[in-house]
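Note on naming: letters A, B, ... go to the chains in the order of the sequence lines (proteins, then strands), and numbering restarts at 1 for each one.
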There are 2 protein chains.
Amino acid sequence: MTHQREIILAELKKSTDHPTADELYERIKRQLPRISLATVYRNLEILSTAGMIRKLEISGRQKRFDWDLREHHHISCLRCQRVDNIELEVQEMLPAQAEDRQGYDISGWRVEFFGLCPKCRKDTNNSQGEETMACAPKGLSDNQRQVLEALAKSKEACGSKDIAAATSLEAKQVSCQITALKKKGFVESPIRCKYTITPEGQGALGE
Amino acid sequence: MTHQREIILAELKKSTDHPTADELYERIKRQLPRISLATVYRNLEILSTAGMIRKLEISGRQKRFDWDLREHHHISCLRCQRVDNIELEVQEMLPAQAEDRQGYDISGWRVEFFGLCPKCRKDTNNSQGEETMACAPKGLSDNQRQVLEALAKSKEACGSKDIAAATSLEAKQVSCQITALKKKGFVESPIRCKYTITPEGQGALGE
DNA sequence: CTTGACTCAGGAATGATTATCATATAGTTT
DNA sequence: AAACTATATGATAATCATTCCTGAGTCAAG
């Protein structure tokens with residue numbers, strides 16, 4: 001039990017959420033500014049194989065960690081990835097049902113619920129468009145920026161040929177970028193084959 | 001519904017396991033040799049958001065895909081990552097229990113079991129050592145090879161200082177490599193602070 | 001006071017997935 | 001059918017999370 005390992009465990013026990021390795025890393029850096037992310041990963045792995053903490057493999061790519069070893073299950077938000085605890089009473093029935101099935105030697109089980117957490121639920125009700133907004137990536141490639149700048153200069157909606165003339169790009173490439181920009185919500189098409197920049201697109205250019 | 005998307009869906013429906021994207025890619029290449037892995041990923045994503053297939057986020061890093069939309073749950077092997085179906089009768093009781101908890105708007109749930117599949121279970125019984133053997137990576141870095149070669153030349157067990165003399169490495173570096181080599185099973189320590197190469201280490205050198 | 005066991009920080013490497021973009025294909029509208 | 005747009009694909013680069021590698025530091029036992 002090294003110093004860093006103690007800090008990592010203490011920091012995890014302080015947390016009421018179920019932090020990911022890098023979230024924990026950010027919090028620990030305040031106490032141990034020189035600690036490395038690899039050390040956090042290594043010690044979380046050691047602690048979980050030693051059975052001192054639990055590793056949760058839910059809700060997307062990043063694994064989350066839980067200091068609470070008592071038997072309980074989780075509910076996670078599909079929008080913001082938040083994870084909360086949830087208690088169930090039917091737990092005992094589950095392993096019995098599955099026993100001796102398929103010839104597996106069953107060593108564990110888990111129940112997971114997912115849906116929208118109260119906060120995300122409220123956000124959805126207030127504004128429908130926001131969910132696509134929040135999810136769309138904000139970065140712009142060079143080509144996308146060129147197209148967007150050309151659109152910003154034009155007062156009226158223009159076709160991809162006009163844009164191609166205004167930039168160094170070919171018409172084909174322009175159409176390709178427009179599709180990507182539409183998906184990000186930076187461009188819209190008031191008439192078929194004519195495009196304008198959206199307020200969000202303006203904002204993206206300014207950054 | 002494009003041709004490749006049809007093929008991908010058909011190939012998935014043919015499979016009784018729950019393949020990963022790259023497993024599916026390997027199978028599909030037989031029919032469409034020019035298809036790209038990105039297309040497989042893209043279409044699996046499209047099909048699953050369209051609700052035509054299910055994306056499983058269980059058992060480690062790689063996501064798996066399931067053509068069977070009927071309500072069922074899974075059991076996965078901790079050793080070989082294999083995933084099988086499992087039927088439960090208590091399903092209906094679960095969502096009722098969790099309803100209105102934590103203010104979440106629950107849209108789904110799943111139950112997962114894990115353990116050892118029949119095959120891995122048998123392998124464990126037959127030979128205890130095999131699991132560590134099978135897991136250890138076989139590659140050698142330059143420094144590791146140097147140390148191992150020096151040990152191979154020596155008839156008797158020798159300390160890290162002897163090895164340092166025989167190679168261009170410092171004593172500290174040698175000790176570091178020895179630790180790594182011991183973990184791989186290429187070196188053992190008959191007496192404290194004295195090391196010899198193992199038959200596995202000889203084999204690794206020969207490759 | 002050596003010697004080796006153990007751990008760390010930092011960076012490189014890896015594996016899985018996603019984004020980009022030029023090209024190919026499939027639709028629409030005139 | 002021509003002219004054009006819209007969408008999908010294949011190849012590849014980029015990204016993200018995680019793990020591996022290595023030289024250096026620390027500590028305890030001999």
Side-chain angles (χ1 to χ4, degrees), chain A residues 1-5 8 20-23 25 29 32-46 55 57 60-64 136-137 139-144 147 159-161 164 169-184 189 191-195, chain B residues 1-5 8 20-23 25 29 32-46 55 57 60-64 136-137 139-144 147 159-164 169-184 189 191-195:
Chain A
M1 202 61 179
T2 65
H3 181 53
Q4 315 24 19
R5 195 174 303 164
I8 290 169
T20 60
D22 68 306
E23 282 169 2
Y25 170 63
K29 266 203 295 196
L32 299 172
R34 298 186 48 73
I35 199 168
S36 104
L37 178 57
T39 302
V40 175
Y41 270 106
R42 189 173 334 116
N43 283 299
L44 286 172
E45 185 61 37
I46 290 169
K55 176 157 58 166
E57 310 211 6
R61 288 218 276 227
Q62 281 182 88
K63 281 168 194 139
R64 293 175 173 274
L140 287 176
S141 69
D142 280 354
N143 288 358
Q144 287 170 5
V147 170
S160 54
K161 228 172 180 178
L169 301 166
E170 294 170 39
K172 258 184 189 172
Q173 298 175 27
V174 171
S175 135
C176 190
Q177 303 313 328
I178 295 222
T179 312
L181 290 166
K182 271 199 294 186
K183 200 158 62 184
K184 295 187 186 182
S189 173
I191 329 163
R192 197 181 133 81
C193 306
K194 296 283 174 184
Y195 309 97
Chain B
M1 202 63 179
T2 64
H3 182 53
Q4 359 317 60
R5 194 173 302 162
I8 291 169
T20 60
D22 67 308
E23 282 168 2
Y25 170 62
K29 267 203 295 196
L32 300 172
R34 299 186 47 75
I35 200 170
S36 107
L37 179 56
T39 302
V40 175
Y41 271 106
R42 203 173 11 229
N43 283 299
L44 287 172
E45 184 61 36
I46 290 169
K55 175 157 62 167
E57 310 211 7
R61 290 215 276 224
Q62 283 182 87
K63 282 168 193 140
R64 292 175 174 274
L140 286 175
S141 69
D142 280 355
N143 288 0
Q144 287 171 3
V147 170
S160 56
K161 228 173 178 176
D162 307 320
I163 301 168
L169 302 165
E170 293 171 40
K172 255 188 186 169
Q173 298 176 25
V174 171
S175 134
C176 190
Q177 303 312 329
I178 295 221
T179 312
L181 290 166
K182 271 200 293 187
K183 201 158 61 183
K184 294 187 189 186
S189 174
I191 330 161
R192 198 181 130 83
C193 305
K194 296 281 176 186
Y195 308 97

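- Taking 4.0 angstrom as the limit, A:Q173 places none of its side-chain polar atoms (N or O) nearer than this to OP1 or OP2 of C:dT23.
- Taking 4.0 angstrom as the limit, A:K63 places none of its side-chain polar atoms (N or O) nearer than this to OP1 or OP2 of D:dC16.
- In this structure, A:A38 reaches the bases: a heavy-atom distance under 4.0 Å links it to at least one base atom across the strands shown.
- Between D:dG23 and B:N143, a contact under 4.0 Å exists linking OP1 or OP2 to a side-chain N or O.
- Note on A:T20: nothing from the nucleic acid sits closer than 4.0 angstrom, heavy atoms only.
- With sequence neighbours excluded, no residue satisfies side chain to side chain donor-acceptor pair (under 3.5 Å) with A:K182.
- Checking the phosphate oxygens (OP1, OP2) of D:dC21, no side-chain nitrogen or oxygen of B:Q144 falls inside 4.0 Å.
- Contact between the side-chain N/O atoms of A:S160 and the OP1/OP2 oxygens of D:dT5 is found at a separation under 4.0 Å.
- With DNA chain C read from its 5' end, the first of the two nearest nucleotides for A:S36 and B:A21 is the one closest to A:S36.
- To the nearest 0.5 Å, the span separating CD on B:Q173 from CD1 on B:I163 amounts to 13.0 Å.
- The separation between B:E57 atom CD and D:dA17 atom P is 14 Å, rounded to whole Å.
- At whole-Å resolution of the value, CZ in B:R34 and P in C:dA22 are 18 Å apart.
- Using a 4.0 Å heavy-atom distance criterion, A:D142 is classed as making no nucleic acid contact.
- Atom P of nucleotide C:dA24 and atom CD1 of B:I35 are separated by 17 Å, given to the nearest angstrom.
- Nucleic acid contact class of A:E45 (heavy atoms, under 4.0 Å, all strands): none.
- Heavy atoms of A:I178 sit nowhere under 4.0 angstrom from any nucleic acid atom.
- Rounding to the nearest 0.5 angstrom, the gap separating the CD atom in B:Q144 from the CD atom in B:Q177 is 5.0 Å.
- Within the 4.0 angstrom heavy-atom criterion, base atoms lie near B:T39.
- Going from atom CG of B:N43 over to atom C1' of D:dT9 covers 9 Å, rounded to whole Å.
- Between the side chains of A:T20 and A:D22, at least one donor-acceptor pair of N or O atoms lies under 3.5 Å.
- Atom CD1 of A:I46 and atom P of D:dC20 are 12 Å apart (whole Å).
- Contact annotation: B:Q177 reaches the phosphate of D:dT22 (side-chain N/O to OP1 or OP2, under 4.0 Å).
- When heavy atoms are screened at a 4.0 angstrom cut-off, A:E170 is found touching no nucleic acid atom at all.
- Listed pair B:Y41 / D:dA11 fails the phosphate criterion, with no side-chain N or O lying under 4.0 Å from OP1 or OP2.
- Heavy atoms of A:D22 sit nowhere under 4.0 angstrom from any nucleic acid atom.
- Contact annotation: B:S175 does not reach the phosphate of C:dT3 (side-chain N/O to OP1 or OP2, under 4.0 Å).
- Rounded to whole Å, atom C1' of C:dT17 lies 5 Å from atom CZ of A:R61.
- The closest side-chain heavy-atom distance from A:L32 to A:H3 is below 4.5 Å.
- For the pair B:R5 and D:dA8, the criterion of a side-chain N or O lying under 4.0 Å from OP1 or OP2 is met.
- Nucleic acid contact class of B:C193 (heavy atoms, under 4.0 Å, all strands): sugar-phosphate only.
- Contact annotation: B:T2 does not reach the phosphate of D:dA8 (side-chain N/O to OP1 or OP2, under 4.0 Å).
- No contact: A:Y25 has no heavy atom under 4.0 Å from any strand.
- Residue B:K172 places none of its side-chain N or O atoms closer than 4.0 Å to OP1 or OP2 of C:dG4.
- When the nearest nucleotides of DNA chain D are assigned to B:P33 and A:G159 by heavy-atom distance, the more 5′-ward of the two goes with A:G159.
- Between the C1' atom of D:dT5 and the NZ atom of A:K194 lies a distance of 12 Å, rounded to the nearest Å.
- Other residues, nucleotides and ligands contribute more than 12 heavy atoms inside 6.0 Å of the NZ atom of B:K55.
- Atom CZ of residue A:R34 and atom CD of residue A:Q4 lie 11.0 Å apart, to the nearest 0.5 angstrom.
- Between A:Q62 atom CD and C:dG15 atom P there is a gap of 20 Å when expressed in whole angstrom units.
- Of the side-chain N and O atoms in A:R42, one or more sit less than 4.0 angstrom from OP1 or OP2 of C:dC8.
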